[in-house]
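A short write-up of the structure that comes next.
Note on naming: letters A, B, ... go to the chains in the order of the sequence lines (proteins, then strands), and numbering restarts at 1 for each one.
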2 protein chains.
Amino acid sequence: MTGAVDEISETLETEIVEGILPPGTRLEEPALAERFGVSRTPVREALQRLSASGLVELKRRRGTQVLNPSIGRIVEMFEVMAELEAVCARLCARRASPELLATLRDWLKRCEQAAESGDPSAYYDANRSFHLAIYKGSGNSFLAEQAELLHLRLTPFRRQQLRLPRRMRQSLTEHSAVVAAIEAGDGQAAETAQRDHILIQGERFGDFLAQFSARS
Amino acid sequence: MTGAVDEISETLETEIVEGILPPGTRLEEPALAERFGVSRTPVREALQRLSASGLVELKRRRGTQVLNPSIGRIVEMFEVMAELEAVCARLCARRASPELLATLRDWLKRCEQAAESGDPSAYYDANRSFHLAIYKGSGNSFLAEQAELLHLRLTPFRRQQLRLPRRMRQSLTEHSAVVAAIEAGDGQAAETAQRDHILIQGERFGDFLAQFSARS
DNA sequence: ACTTGCCTTTGTGTATACACAACAGAAAAT
DNA sequence: ATTTTCTGTTGTGTATACACAAAGGCAAGT
């Protein structure tokens, strides 16, 4: 057997990130134990691990629930994401190896194709790969891991907004600017372009949520 | 009772950070359970939590040990720390509220005092407070938390180097430059000064470890 | 003397059982 | 009728017990 904890935590992670378990959902150990056909022990460890990734919140004696950050908190997280991505982009520009450039251009093209066919899901995937490539392209694996982790944590709050086709095209334009700056080896430009690209997402998120009443 | 897990994880965290449990130390559950007078269950949860903070490493079926990153990995971590601190400094400069400036100047003075009396331990504490003030001063609490966490993770690898009094004085000079830039509201200068300040630590660490043979 | 296979021991992974805190609902008192 | 307290229920925190994998040592065979 390959470890029940791994399976449980990965399954829950996916469901949280995909919105199947929305923010604020209570995660009760007995229920999860029965669902996965195991005892509470591995469930508890899986929840601890998710708490580590920042996806759930463990309150003392009050159970576990899917993290439900305030709007302000989410905006803060997007700001940090923007800075991390900006650093990655700057480091990418410093290296700008032919392989890296080829990879970026490839994902950029896939983004274009998805945008043209108006497929938000395909665009979402290509967009994600594009960003991951920039993380890895920084040449700093620790930085890449941190960026990837925060990207994951923000996924539940970002998925919605790419539905709008207008946003898809604008995002594409921004990507092009980033790649152009990296190609030119202009670290400053790449940094600024990437930071703005992410910050816009944060603002969009604020606009998006402003439509709804505050959630508990 | 205030939760055994909290006490165990905090105690172990302190001991790891202070070097009482050096990198690579094996942490065996039965031994820890006996030491803290509890069963293995809370010990396991404490280890999970430490793994979350990135202080220990959990290998499947092969136990837990204090994280023992390669030199290259540590340098990468210092690079990310440098970038996070640089962002904090830039945001500090953007705000530059009188209270913040007063706080920074206060800690700077305490650093000076510690340096003059040649007390590395006092300098270490004042230095830490100075940096924490910059994190908080960014106005982004999520950023501050992330920076604090990484600061903690790097502590086991940083404590040694401030013993050298020459490094203490140089560090002080760098702090002054950062504060001056923040006072002037010059975000770019603050960012650069703080980044260099941390990067030097990373380089120093490389030099430091180069003296020894490679650790397992 | 060296290698190989078995066995013991050690330590982790999971299940089960019990203790206790927190919440909810009902009953009693004002 | 409202408030308060008591109690039952639910769910978390910890302990104990068992299952199993992995590492190390010992013995036997070459």
Side-chain angles (χ1 to χ4, degrees), chain A residues 1-16 20-70 214-216, chain B residues 1-16 20-70 214-216:
Chain A
M1 188 185 297
T2 171
V5 175
D6 294 344
E7 188 198 329
I8 298 170
S9 57
E10 283 171 20
T11 303
L12 290 179
E13 176 184 307
T14 303
E15 295 186 351
I16 292 172
I20 300 173
L21 297 172
T25 305
R26 288 201 54 170
L27 298 175
E28 295 173 0
E29 296 165 8
L32 293 175
E34 191 184 10
R35 170 182 167 190
F36 289 99
V38 296
S39 79
R40 277 178 49 216
T41 311
V43 170
R44 284 178 66 83
E45 301 206 352
L47 291 179
Q48 283 273 353
R49 194 175 297 183
L50 290 176
S51 162
S53 318
L55 289 175
V56 306
E57 186 181 17
L58 259 70
K59 294 182 184 173
R60 272 192 57 73
R61 280 277 183 200
R62 310 191 78 190
T64 306
Q65 60 181 45
V66 179
L67 203 69
N68 193 10
S70 70
R215 308 201 233 185
S216 65
Chain B
M1 189 185 299
T2 172
V5 176
D6 294 343
E7 189 199 328
I8 297 170
S9 57
E10 285 172 19
T11 302
L12 290 179
E13 175 184 307
T14 304
E15 295 185 351
I16 292 171
I20 299 173
L21 296 173
T25 305
R26 287 201 55 169
L27 298 175
E28 296 173 359
E29 297 166 7
L32 293 175
E34 191 184 10
R35 169 182 168 188
F36 289 99
V38 296
S39 79
R40 277 178 49 215
T41 312
V43 169
R44 283 178 68 83
E45 301 205 354
L47 291 179
Q48 284 273 353
R49 192 173 300 182
L50 291 177
S51 163
S53 317
L55 290 174
V56 306
E57 187 181 15
L58 259 70
K59 294 183 184 172
R60 269 191 59 74
R61 279 278 183 197
R62 310 191 79 191
T64 306
Q65 61 181 48
V66 179
L67 203 68
N68 194 10
S70 69
R215 307 201 234 183
S216 65

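- Rounded to whole angstrom, the span from the CD1 atom of Ile8(B) across to the C1' atom of dT14(D) amounts to 10 Å.
- Put simply, OG on Ser9(A) and CG on Leu55(A) are 10.5 Å apart, with the number rounded to the nearest 0.5 Å.
- Distance, Gln48(A) CD to dT14(D) P: 10 Å, rounded to whole Å.
- Listed pair Arg60(B) / dG13(C) fails the phosphate criterion, with no side-chain N or O lying under 4.0 Å from OP1 or OP2.
- In this entry the distance linking NZ of Lys59(A) with P of dC23(C) reads 10 Å, nearest Å.
- Considering Glu34(A), Glu28(A), Glu29(A) as possible partners of Arg40(A), the one that fulfils the side chain to side chain donor-acceptor pair (under 3.5 Å) test is Glu29(A).
- Glu29(A) places its CD atom 12 Å from the C1' atom of dT10(D), with the value rounded to the nearest Å.
- Between Thr41(B) and dT14(D) there is no side-chain polar atom (N or O) within less than 4.0 angstrom of OP1 or OP2.
- When atom types are taken as modelled, the side chain of Ser51(B) and the backbone of Leu47(B) share no donor-acceptor pair closer than 3.5 angstrom.
- To the nearest angstrom, P of dA17(D) lies 13 Å from CZ of Arg40(B).
- When side chains are defined from C-beta on, Thr64(A) counts as touching Leu58(A), because their heavy atoms get closer than 4.5 Å.
- Summarising the geometry, the separation between CZ on Phe36(A) and P on dG13(C) is reported as 19 Å, rounded to the nearest angstrom.
- A 4.5 Å side-chain heavy-atom check between Arg44(A) and Thr41(B) finds every atom pair outside the cut-off.
- Residue Glu28(B) is the one, among Ser39(A) and Glu28(B), whose nearest nucleotide of DNA chain C lies closer to the 5' end (criterion: closest heavy atom).
- Checking dA15(D), dA15(C), dA21(C) against the side-chain heavy atoms of Arg61(A) singles out dA21(C) as nearest.
- Distance Glu34(B) CD to dT16(D) P: 13 Å, rounded to the nearest Å.
- The Arg62(B) side chain lies nearest to dA23(D) when the options are dT12(D), dT12(C), dA23(D).
- Per the geometry, CD belonging to Gln65(A) stands 14 Å off P belonging to dG11(D), to the nearest Å.
- Closest to the side chain of Pro30(A), from the set dG11(D), dG11(C), dG13(C), is dG11(D).
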